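Letters A, B, ... are given to chains in the order of the sequence lines, protein chains preceding strands, and every chain is numbered from 1. Because the structure is predicted, anything quoted here is derived from the model rather than measured.
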There are 2 protein chains.
Amino acid sequence: MSEGLPPSSGSSPTLEDVARAAGVSRATVSRVINGIRNVDPAIQETVKKAIAATGYVPNQAARSLVTRRTGAIALVVSGAGDESGEDPFPGQVFADPFFGRVAGGIVGFLRPRGVHPILMFAETAETRAQVLAYLRQGNADGAVLVSTNADDPLPRLLVEAGLPAVLFARPPEPLPISYVDVQHRAGAKLAADHLVARGCKRIATISGPMAVPASQERLAGFRDAMAVHGQPYIPWVEGSFTYPSGEAAMERLLAEHPDIDGVFVANDVMAQAALVVLRHHGRRVPEDVAVVGFDDSSAALACRPPLTTIRHPVEDMAAEMARLLLAHIEEPERQATSVIFEPALVIRESA
Amino acid sequence: MSEGLPPSSGSSPTLEDVARAAGVSRATVSRVINGIRNVDPAIQETVKKAIAATGYVPNQAARSLVTRRTGAIALVVSGAGDESGEDPFPGQVFADPFFGRVAGGIVGFLRPRGVHPILMFAETAETRAQVLAYLRQGNADGAVLVSTNADDPLPRLLVEAGLPAVLFARPPEPLPISYVDVQHRAGAKLAADHLVARGCKRIATISGPMAVPASQERLAGFRDAMAVHGQPYIPWVEGSFTYPSGEAAMERLLAEHPDIDGVFVANDVMAQAALVVLRHHGRRVPEDVAVVGFDDSSAALACRPPLTTIRHPVEDMAAEMARLLLAHIEEPERQATSVIFEPALVIRESA
DNA sequence: CTCACCACAGAGAGCGCTCTCTCCATTCTC
DNA sequence: GAGAATGGAGAGAGCGCTCTCTGTGGTGAG
């Protein structure tokens, strides 16, 4: 059939092999593969047959070398800022449904575009350097960064290195970098308004860690809205977004304010814990104490009773992050932008 | 200082730039970077200074082109075998704590070795082809595969393509491919023995989907052990490892066998649902009904009461998968091997 | 003193691809 | 019907790196 020798066995066929099989030049095969420019339909057909016959697959490394694109992006979970040499692996990160939703949103957007995320963690100075080096080596074209810590230096490092990156949540320090976020204050206001509308009189709140800007916003938004309702003083305990911290916070709240009849908890995981503590103390939800969470994560549905919460469109936000990142990669001079999402009240049974 | 021109601004410095700055050849710089062979210590020092001065970072694409290694591996979650053109993105996969543990174990092992996993999903014939093409293009050196479905064709496709791969769980059809697994039968026996030792007399079980070999094994192991204890007939309802299926299964079990006093549930997520249903029906756990789960996932601790369960060393298994994969990449002719882990009973409060 | 040997460093050939530039054959314009 | 414009294909120069091969100076053996 073909007059060329079969491609040297062992290694896969190259463009050259296909070109020989099709009786055309390397350049023409390349054009057909990349679907560009003017190639005679008949020749196109011949080339496609040759590709199928040889079982040709383009070599990504060779392609990247000249295009300076890898078609991969890094999904970086950046964190605690533990500056010791130690590098405790944050296995629990994956356990958080929040991370799962982010990953899901990103993969959902990228997959149809043939881009796949490379999972990376950066907890220490050393691993941050690793991430930076990894990107500068051209292993990925850019990064989507989910920072769990306010004083994470990675966003700044990425900007300084001129690497395309998009953040989840507004960076604490002003930085020319694109990000997506949700209107935390507006969400907290929805919770406050709902609790007040329900008739709750003695309302308290469990916040997230004050080191996280989102926590500050939710707390401030909640307080502001409650002040508008005539309640400037709100009992408040700080949690850390984890289940145990939610338990502890709710216990403390009940001990200090046994008469509360409504609680706004800054995320669903802590709210789930709060529900268990309330039941344990014989409080009925929502009859005795109404509870509103934040996030509308899978935890909200696993709660008994199902949790009334503030929907945080994490998947959409994650998809938007991916979209912004691809845009920045495509157009390096593009200005940093922010995309802010609207939260929404989701009424279930806990309030 | 250096006599060469500064590297052309805009693009990053190359080996050539460093070589010029150090006054040596490209080959020598390459030797220093890769830490091989005999290079005069004085020259080594000069080269290192030049690298620091120029801010040189090796280009991974160029390196991959000649070494035929990328230093990346694919973490593939392969699934439902939905052969329609549709490709419903399995967002819920991430919600499953099991997946999180696998990812955690793999990242924990790979990260210190500078390897990062590329997250991929393969649910349809089309996406399976995508994964295969991705690997053949040399985007990753091999794959670690977590299959959620028994008749997943991907393992076979990987073997046929001669791509290094390691599976989580034994493949249903015999295949020359390495895998890790746990002794499901032995784990189920631990559960059976524990329930019997507790004094349970009317024991039932909720299994996983029969399409999954692990589910079959757990059920068979449980039945065998119970038969040894003189109870050959065990009420049984099939679930699908999800929370709602656990709810439904427990409801049905209670309806059909209201007098049961012990249940073995084939995973923790369904056990969590079962606990809620039991409480809802006024059954005390473990006083009225003892419950044993399987996996020892994060769900086990989130249960009230905390779940007695069978520990499935998922993280260790995932790390072993990664180890095996790197070994196969290193040594392509290596024989396929299996590594089977021991389960263990973890006694908490539910039984 | 000559020769073999070793330790190093440089030269240079690719790895497989993209993309510009060049060239040729048409078709169009007047 | 001559010249210009245009569609379509090939030639060839790299992209940045690794690695083999070659070359050279210094050392030990005979």
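Between the side chain of A:Thr54 and the main chain of A:Ala50, a donor-acceptor pair closer than 3.5 Å is present. Looking at B:Asp141, its side chain never comes within 3.5 Å of a backbone N or O of B:Arg69 through a donor-acceptor pair.
Remark: P of C:dC17 and CG of A:Leu65 are 12 Å apart, rounded to the nearest angstrom. Straight-line distance from the CD atom of B:Gln60 to the C1' atom of C:dC15: 14 Å, rounded to whole Å. Between B:Asn34 atom CG and D:dC17 atom P there is a gap of 10 Å when expressed in whole angstrom units. Note: CD (B:Glu16) to P (D:dG14) measures 13 Å, nearest angstrom. A:Ile43 places its CD1 atom 13 Å from the C1' atom of C:dA25, with the value rounded to the nearest Å. With rounding to whole Å, A:Asn139 atom CG is found 16 Å from D:dG16 atom P. Remark: P of C:dA11 and CG of B:Leu15 are 14 Å apart, rounded to the nearest angstrom. Taking atom CD1 of residue A:Ile33 and atom P of nucleotide D:dA9, one finds them 15 Å apart after rounding to whole Å.
Relative to the side chain of A:Arg63, the nucleotides C:dG14, D:dG12, C:dT18 differ in distance, and C:dT18 lies closest. With D:dG10, C:dG10, D:dC17 as the choices, the nucleotide that has an atom nearest any side-chain atom of A:Ser25 turns out to be D:dG10. Closest contact between the side chain of A:Thr67 and the listed nucleotides D:dC17, C:dC17, C:dC19 involves C:dC19. The listed nucleotides are C:dG12, C:dG16, D:dA9; the one nearest the side chain of A:Val66 is C:dG16. The side chain of A:Ala27 approaches D:dG12 more closely than any other nucleotide in the set D:dG12, C:dG10, C:dC17. Candidate nucleotides D:dC15, D:dC17, D:dA9 were compared by shortest atom distance to the side chain of B:Asn59, and D:dC17 ranks first. When distances run from any side-chain atom of B:Ala62 to the nucleotides C:dC19, D:dC17, C:dG10, the shortest one goes to D:dC17.
For B:Arg31 and C:dG10, a side-chain-to-base donor-acceptor distance below 3.5 Å is present, hydrogens and geometry of angles not being considered.
Of the side-chain N and O atoms in A:Ser30, one or more sit less than 4.0 angstrom from OP1 or OP2 of C:dT18. Regarding contacts with the backbone of C:dT18, every side-chain N or O of A:Arg68 stays at 4.0 angstrom or more from both OP1 and OP2.
Salt bridge status for B:Glu45 with B:Lys48: absent, with no side-chain N to carboxylate O gap under 4.0 Å.
Rounded to 10 degrees, the angle separating the terminal helix axes of the helix from C:dC1-D:dG30 to C:dC30-D:dG1, each built from five base pairs, is 40°.
Taking the six-membered ring where the residue is Trp, A:Phe99 and A:Phe121 present tilted rings, their angle falling between 30° and 60°.
In the model, B:Gln60 has a side-chain atom that pairs as donor or acceptor with a side-chain atom of B:Ser64 under 3.5 Å. Residues A:Ser78 and A:Asp152 bring a donor and an acceptor atom of their side chains to less than 3.5 Å of each other.
For B:Pro41 and A:Arg26, each mapped to the nucleotide of DNA chain C holding its nearest heavy atom, the one lying further toward the 5' end belongs to B:Pro41.
Counting heavy atoms of neighbouring residues, nucleotides and ligands inside a 6.0 Å radius, atom CD of B:Gln335 does not exceed 12 of them.
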Taking distance alone, no hydrogens or angles, what donor-acceptor pairs closer than 3.5 Å link side-chain atoms of residues 324-333 of chain B to residues at least two apart or in another chain?
| unit_1 | atom_1 | unit_2 | atom_2 | d |
| --- | --- | --- | --- | --- |
| B:His328 | NE2 | B:Ser178 | OG | 2.6 |

